[in-house]
Amino acid sequence: MRQEGWHTGNPRRKYLSVVYNGIDIWNNLSPYIESFSYEDSVDESDTISISLSDRDLKWSRTWLPEKGDKISPSIILENWNYEGEKMTVICGAFLVDDYSFSCPPFSCTINGVSAPVDTSFKESENTKTWENATVRLIANEIAVKYGLELIFEVSEDIAVSKTEQDKQPDSEFLKNLCEKYGLGIKVYSNRLVIWDLKQYFEKSPVLTIVPNMVSKWTYNSTIQGTYTGAKVSYANPNNEKTVEILVGTEERLYKTNQKADSEADARRIGESILRNANRKERTMKLTIPPKMSLYATCNVKLSGFGNLDGKYFVEKVSHSLSGKSYDMQVSLSCISRDSENSEVESKNETAQTNGNTAHGNYTVVKGDSLWSIAKHFYGSGSKSQDLYQKNRDLIESEAVKRGKKDSGNGYFIYPGMSLIIP
């Protein structure tokens with residue numbers, strides 16, 4: 001399909017392909033369209049917005065949209081970087097959830113949100129109890145209910161001994177369950193996608209962004225709503241007594257009322273609380289020309305921004321098309337600064353060179369716990385007690401130095417400590 005769309009006065013061309021309730025309507029739409037925006041987000045449903053001139057009063061009369069109508073738009077670029085190039089951004093499937101008219105001049109705005117065709121996914125309140133289940137099993141049951149394909153990008157399924165859905169829409173219940181364990185959730189093109197935020201943080205950057213690629217940027221750093229540690233409780237299976245554990249340190253502490261099934265479960269919940277909260281600690285917003293490699297949940301590297309350089313997680317990508325312009329606004333959260341990475345890598349490389357054990361030594365950094373260190377080296381946090389026993393004297397002495405009675409069996413460890421990794 002080669003519609004003329006919006007010319008830019010040079011070989012570059014951009015236009016939309018819009019399928020409305022199964023029918024390609026671009027030929028009818030193109031004379032009236034004024035602007036189009038598409039937001040691809042990590043934590044919220046994707047959205048689109050189409051602004052149209054209604055000078056012929058077609059949209060307010062014979063073409064009147066209805067809530068629940070299905071829109072599938074794509075952004076198409078031709079000759080953008082070189083002659084003969086063609087790139088397509090498939091935005092996904094959206095349901096019309098809001099539309100409005102205004103005058104003068106006569107205009108119409110249609111807004112859509114990504115969701116299953118069955119709107120009860122977000123609206124109908126349900127009650128159910130799951131026992132001896134897993135996150136994947138629960139998610140798959142809900143996905144099948146709405147005709148969605150489940151994409152479960154989590155290396156290890158998570159056991160759930162018991163969880164209750166109490167008069168909640170399925171979308172809200174499943175989102176809360178995923179957030180509890182540090183998982184992301186998104187509905188996209190009739191797929192229910194669930195992923196592990198930590199695994200995504202560890203992926204390589206898809207793009208290095210330098211200042212001359214950016215037309216505008218803002219940076220923000222805050223401690224408000226961020227934490228150094230979290231306390232989570234669980235019932236000891238041997239005596240049913242409540243055990244409270246600390247993940248991280250106590251300087252800025254978050255105490256959750258969520259109950260865990262076990263120590264391992266409590267640590268995962270605590271780690272996910274810190275990871276989610278601290279995404280807002282250092283953030284950046286950029287305006288750049290369209291880059292098809294950028295999408296929410298990927299990682300990028302910032303270089304040439306001085307102390308702001310580092311690895312960032314893409315929280316949201318907003319596409320804005322209007323007249324001759326096409327820009328992307330990209331919202332980022334800092335995963336690690338380059339200076340922090342270099343310092344820690346240098347320390348640990350030196351320690352491992354001088355070490356006399358299989359893994360050498362590891363220098364503790366902010367946010368570490370014995371559980372997370374064991375999981376990194378051995379693939380399982382259950383090895384944390386092996387680390388504690390090997391480093392017991394050091395861990396206990398450091399805890400006492402800092403005013404603690406003891407380390408709580410290794411719950412308290414501090415940045416700068418050099419641990420032997422057996």
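Numbering of residues begins at 1 and proceeds along the displayed sequence. Just so you know, these numbers come straight off a predicted model, no measurement behind them.
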**OP:** Mind telling me whether Tyr99 and Phe101 have parallel, tilted or perpendicular rings, with 30° and 60° as the class edges?
**Re:** perpendicular
**OP:** Check whether any side-chain N or O of Ser215 sits under 3.5 Å from a backbone N or O of Thr287 as a donor-acceptor pair, and report yes or no.
**Re:** yes
Original post:
Is it the case that Tyr188 and Asp46 place a side-chain donor and acceptor less than 3.5 Å from each other?
Top reply: no
Original post:
Donor-acceptor pair, Asn79 side chain versus Gly84 backbone, under 3.5 Å?
Top reply: yes
Cut-off 3.5 Å, no hydrogens considered: what does the side-chain donor-acceptor table look like for residues 151-166, sequence neighbours left out?
from, atom 1, to, atom 2, distance (Å)
Glu153, OE1, Tyr200, OH, 2.1
Ser155, OG, Gln199, OE1, 3.0
Asp157, OD1, Arg136, N, 3.2
Asp157, OD2, Thr134, OG1, 2.8
Ser161, OG, Asp261, OD1, 2.8
Ser161, OG, Asp261, OD2, 3.1
Gln165, NE2, Gln168, O, 2.8
Gln165, NE2, Asp170, OD1, 2.8

Original post:
How about Lys280 and Ser333: does a side-chain donor come under 3.5 Å of a side-chain acceptor?
Top reply: no
Subject >> Within 45° cone and under 6.0 Å: Arg402 NZ/CZ vs Phe412 ring >> reply: no
Original post:
Is Asn299 reaching over with its side chain to a backbone N or O of Ser204, donor-acceptor style, under 3.5 angstrom?
Top reply: no
**OP:** Evaluate side chain to side chain contact (heavy atoms under 4.5 Å, CB included) for Arg282 paired with Tyr219, printing each intermediate quantity in order.
**Re:** CA-CA 8 Å; Arg282 298 192 293 264; Tyr219 178 87; 3.1 Å; yes
Original post:
Side chains of Ser102 and Ser107: donor-acceptor distance under 3.5 Å anywhere?
Top reply: yes
**OP:** Give the C-alpha distance, both sets of side-chain angles, the deciding distance and a yes or no for salt bridge (charged side-chain N to carboxylate O under 4.0 Å, His left out) between Glu398 and Lys404.
**Re:** CA-CA 9 Å; Glu398 284 294 325; Lys404 302 290 183 184; over 6 Å; no
Original post:
Hey, does the side chain of Thr127 reach the backbone of Lys167 with a donor-acceptor pair shorter than 3.5 angstrom?
Top reply: yes
Original post:
Looking just at side-chain N and O atoms, do Tyr227 and Glu281 make a donor-acceptor pair shorter than 3.5 Å?
Top reply: no
Subject >> Residue that, paired with Phe201, satisfies ring pair (Phe, Tyr, Trp, His ring centres under 6.0 Å) out of Tyr312, Phe313, Trp195 >> reply: Phe313
Original post:
For the atom pair OG (Ser72) and CG (Asn21), what is the distance rounded to the nearest 0.5 Å?
Top reply: 9.5 Å
Original post:
Is there a donor-acceptor pair closer than 3.5 Å between any side-chain N or O of Ser322 and the backbone N or O of Ser325?
Top reply: no
**OP:** Salt-bridge test for Asp196 and Arg268: reply yes if a basic N is under 4.0 Å from a carboxylate O, no otherwise.
**Re:** yes
Subject >> Side-chain donor/acceptor of Ser397 to backbone N/O of Asp393, under 3.5 Å >> reply: yes
Original post:
Checking side chain to side chain contact (heavy atoms under 4.5 Å, CB included) for the pair Arg279/Asp43: CA distance, chi angles, key distance, verdict?
Top reply: CA-CA 12 Å; Arg279 282 159 58 188; Asp43 292 322; 2.8 Å; yes
**OP:** Look only at the side chain of Lys198 and the backbone of Ser272, and say whether a donor-acceptor pair between them is shorter than 3.5 Å.
**Re:** no
Subject >> Set of residues satisfying side-chain hydrogen bond (donor to acceptor under 3.5 Å, both in side chains) with respect to Glu44, sequence neighbours excluded >> reply: none
**OP:** State whether a side-chain donor-acceptor pair under 3.5 Å links Glu39 with Ser41.
**Re:** no
